[in-house]
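Order of the sequence lines sets the chain letters (A, B, ...), proteins ahead of strands, with each chain counted from 1. All figures in this text were calculated on a predicted structure; none of them were measured in a lab.
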Protein chains: 4
Amino acid sequence: MARYTEKQKAALDILMKDAVYEHAMKIITDEGLGSLTMERLASDVGVSRGTLYNYFDDRDAVLDYVEERTFGPLLAAIKEVAASDRQPEEKLTKILESIFTGIYEDRALVIALTPNKHSGAKRECQMRRRTSALEAIKVVVNEGIAAEGFKNLSPLLVSELFLGAVTAMIESMVFNGEFQAAEEIVPTMMEIILGGLRKSD
Amino acid sequence: MARYTEKQKAALDILMKDAVYEHAMKIITDEGLGSLTMERLASDVGVSRGTLYNYFDDRDAVLDYVEERTFGPLLAAIKEVAASDRQPEEKLTKILESIFTGIYEDRALVIALTPNKHSGAKRECQMRRRTSALEAIKVVVNEGIAAEGFKNLSPLLVSELFLGAVTAMIESMVFNGEFQAAEEIVPTMMEIILGGLRKSD
Amino acid sequence: MARYTEKQKAALDILMKDAVYEHAMKIITDEGLGSLTMERLASDVGVSRGTLYNYFDDRDAVLDYVEERTFGPLLAAIKEVAASDRQPEEKLTKILESIFTGIYEDRALVIALTPNKHSGAKRECQMRRRTSALEAIKVVVNEGIAAEGFKNLSPLLVSELFLGAVTAMIESMVFNGEFQAAEEIVPTMMEIILGGLRKSD
Amino acid sequence: MARYTEKQKAALDILMKDAVYEHAMKIITDEGLGSLTMERLASDVGVSRGTLYNYFDDRDAVLDYVEERTFGPLLAAIKEVAASDRQPEEKLTKILESIFTGIYEDRALVIALTPNKHSGAKRECQMRRRTSALEAIKVVVNEGIAAEGFKNLSPLLVSELFLGAVTAMIESMVFNGEFQAAEEIVPTMMEIILGGLRKSD
DNA sequence: GATGAATGAGGGTTCATTCAT
DNA sequence: GATGAATGAACCCTCATTCAT
């Protein structure tokens, strides 16, 4: 005679994880990773520290969860677009749209897309994800170069520039708290980057 | 016992700050901000913890100093280029070169250029600096648009994109530990960004 | 809904305590007292933590129970032997056999026989039990001295030595995981202790 | 210009370690290892928790220190006696005297001689020391058997019995707080153990 | 009666900062 | 001015215990 049925338990788990996700994100984007202490998070969520440990093994598990939940879907979307049979230019545009759409649904992408925040194992994991996204983009850039539509520049550098610009703009948006201008961002970025990437002759 | 004269004291101050700067930078770029403890820094510099506090109010003051010393000259260089009577395109190229030259002379620029590392007052200060650089770049972009050489895009967005791309590439370099490819970076970035920015007709 | 009858409740109580005893002992002898957490015990027994608290007031009550259940029969056996009409030498031998037989049936005796593991009230209680066993042994030693079969040494010291040697050998066995050599232990101990205790005339 | 000279610093270090040793011992013997928390120890010594960490790397280092300081000299004494050119019987007596003399100078021997108190690495280390003492004793017993003065019993068992009896008596003394009877203990133990060990014919 | 989610006291540890010498 | 011993707040984590369902 469990207090909760399996279904209720699952619901509870989801509720907690949603709350943790939401508040962890808020803390991270508002004040930085350093402010995400278990005490602070528990307090913000409205439970005790101990309760947090009933849902997450340790602090790293919280970070993993936030990262996974943020970056997973986005990475999938990027890979899907990259694997589709669109034109390279269109792919890049779609990828950009995926990212910014993701951002609007969930600011936490910022963390996932921004390197250099963790250390040790965490960092490696994060880098692997970023690298994974980078790879997908590089493939598209390579396609564009092969199809002779793009200039013959280093695909790695171009991809870094692309992803880096995206990351920076997001961070800037988060910092300035101005998420309104986003519809403008995608076309602007594409205008510049595609414009600069396209063979001019 | 003979006290130090004012002149000697000033010299001492400079000596200490140079040493702190150098070692703090080494620690930060080698192992990350988290490894910059006062004990570690004092030990690396070769003084005691207490002595550090005779030159810096607290740990934040050390960070401020490192940041200031790194970012100040770069910001000056950017502003100087922006105020010169070159063409907008050339100005952007020069700015980019200044930044990457700065990076080579001093990897700690990474800290200065990378937002989101601190919290509270620190962060605001850091943002102010970034904003300052952004302004200088925006002015140049505006010039380019006014001169009808650049496309009529949001100068703010373009500047963010520019600075963001730079920041990201630097972070990437730091992560990968590959500082060699840098001569390739400036032309690639300029090719893309100027190419995309330039009016095509 | 039908409640349990008194009889059923009592049966349930026995069932639970048997299970707790068994699993607590296994945990303690396998991994040490430190591994006996309420969660671990509940999980091993197959109930929830809360249920444990329906049968035992607190963790200490569990330890008390295990100790009582282990030490009780042994103490009874010792006292029975001591009160029997055997010769002192034979009594000591029988007592030793009782102890080692008990150990084989139930390694948890180790806990009961080993002092110094707890603190506060627990400890006092444990000591009382040890003292009780000591008393029984001392009586036998006194008999032996009175019957002029044993040397005229301090009965208390002799008893301590006897019980202490037993305890130590058991601990050693537990540590080394070698329970095989036990058939050898009783004769060896008796050879030495009785040999040394016996008047040499 | 250090605040303290090297000599003063060393003195300070000794002072602290003495105090830690003393209070740690008191806590352990009075209330058990479980009560030896860093907070408790610091508080008893009269410093802050942080200060403790200036002298000991971690809690284990405190335990190591206490153990080493206690067991080291004793082990040396035992080995020295074992290696001397006395008769086996005399050696055992001397060893016993060393142990009890040590106990009087320092109750902490109790910890060192009592197995089963720690877990993990600590435990292994402790066991190694106990084993080392055991070895020394076993050698003496073997000598006695070879010289045909001792009965042909298992030297290991005899040594365990010897050391175990010692340990138990010490613990008993600590428990009962009766350290007075000790002059009586050595002869009594030797009477019994040597008496039982000696070939009777 | 059973459950297990929630709790919170407490343990080990780190490190910025102070201050007597 | 320099020193570094002392401090204590803050962190992560464990686990005995409670209580609403």
Is any side-chain nitrogen or oxygen of [X] closer than 4.0 Å to OP1 or OP2 of [N]?
{"X": "Tyr55(B)", "N": "dA2(F)", "result": "yes"}
{"X": "Arg49(C)", "N": "dG4(E)", "result": "no"}
{"X": "Ser48(A)", "N": "dA6(E)", "result": "no"}
{"X": "Thr37(B)", "N": "dC15(E)", "result": "no"}
{"X": "Asn54(D)", "N": "dA5(F)", "result": "no"}

Distance check needed: [N] [atom2] versus [X] [atom1], whole Å only.
{"X": "Glu39(D)", "N": "dT7(F)", "atom1": "CD", "atom2": "P", "result": "12 Å"}
{"X": "Arg59(C)", "N": "dT17(F)", "atom1": "CZ", "atom2": "P", "result": "8 Å"}
{"X": "Leu41(A)", "N": "dC11(F)", "atom1": "CG", "atom2": "P", "result": "12 Å"}
{"X": "Phe56(C)", "N": "dA16(F)", "atom1": "CZ", "atom2": "C1'", "result": "15 Å"}
{"X": "Asp60(C)", "N": "dC15(F)", "atom1": "CG", "atom2": "C1'", "result": "14 Å"}
{"X": "Met16(B)", "N": "dT3(F)", "atom1": "CE", "atom2": "C1'", "result": "12 Å"}
{"X": "Leu36(D)", "N": "dG12(E)", "atom1": "CG", "atom2": "P", "result": "8 Å"}
{"X": "Ile27(A)", "N": "dC11(F)", "atom1": "CD1", "atom2": "C1'", "result": "14 Å"}

Sorted by chain and number, sequence neighbours left out, side chain to side chain donor-acceptor pair (under 3.5 Å) with Asp44(B) holds for Arg40(B)
Select one nucleotide: of [options], the one nearest the side-chain heavy atoms of [X].
{"X": "Met38(C)", "options": "dT13(E), dT3(E), dA16(F)", "result": "dA16(F)"}
{"X": "Thr51(A)", "options": "dA6(F), dT17(F), dA6(E)", "result": "dA6(E)"}
{"X": "Leu12(A)", "options": "dG12(E), dA5(E), dC13(F)", "result": "dA5(E)"}

Considering all heavy atoms of both residues, which atom of [X] and which atom of [Y] are nearest to each other, and what is their separation?
{"X": "Val66(A)", "Y": "Ala24(A)", "answer": "CG2-CB, 3.9 Å"}
{"X": "Met38(B)", "Y": "Asp58(B)", "answer": "CE-C, 4.3 Å"}
{"X": "Thr37(D)", "Y": "Gly34(D)", "answer": "CG2-O, 4.2 Å"}

Select from Asp58(B) and Gly46(A) the residue whose nearest nucleotide in DNA chain E is closer to the 5' end of that strand.
Gly46(A)
Counting runs of three or more consecutive pairs, Watson-Crick or G-U wobble, with each distance below 3.5 Å, where are the stems of DNA chain F?
E:2-21 with F:2-21
Ion pair present between Asp64(D) and Arg69(D), side-chain N to carboxylate O less than 4.0 angstrom?
no
Both Gly50(C) and Tyr53(A) contact DNA chain F. Which one's nearest nucleotide lies toward the 5' end?
Tyr53(A)
Which comes earlier along DNA chain F counting from the 5' end, the contact point of Leu52(D) or that of Leu52(B), where each point is its nearest nucleotide?
Leu52(B)
Decide whether a cation-pi geometry holds between Lys17(C) and Tyr55(C); the criteria are a distance under 6.0 Å from NZ or CZ to the six-membered ring centre and an angle within 45° of the ring axis.
no
Under the criterion side-chain hydrogen bond (donor to acceptor under 3.5 Å, both in side chains), I'd like the reasoning laid out for Tyr53(A) against Arg49(A): C-alpha separation, chi angles, the key distance, then a yes or no.
CA-CA 7 Å; Tyr53(A) 283 92; Arg49(A) 232 176 315 176; over 6 Å; no
Inter-residue atom distance Leu41(B).CG - Leu52(B).CG, 0.5 Å rounding
5.0 Å
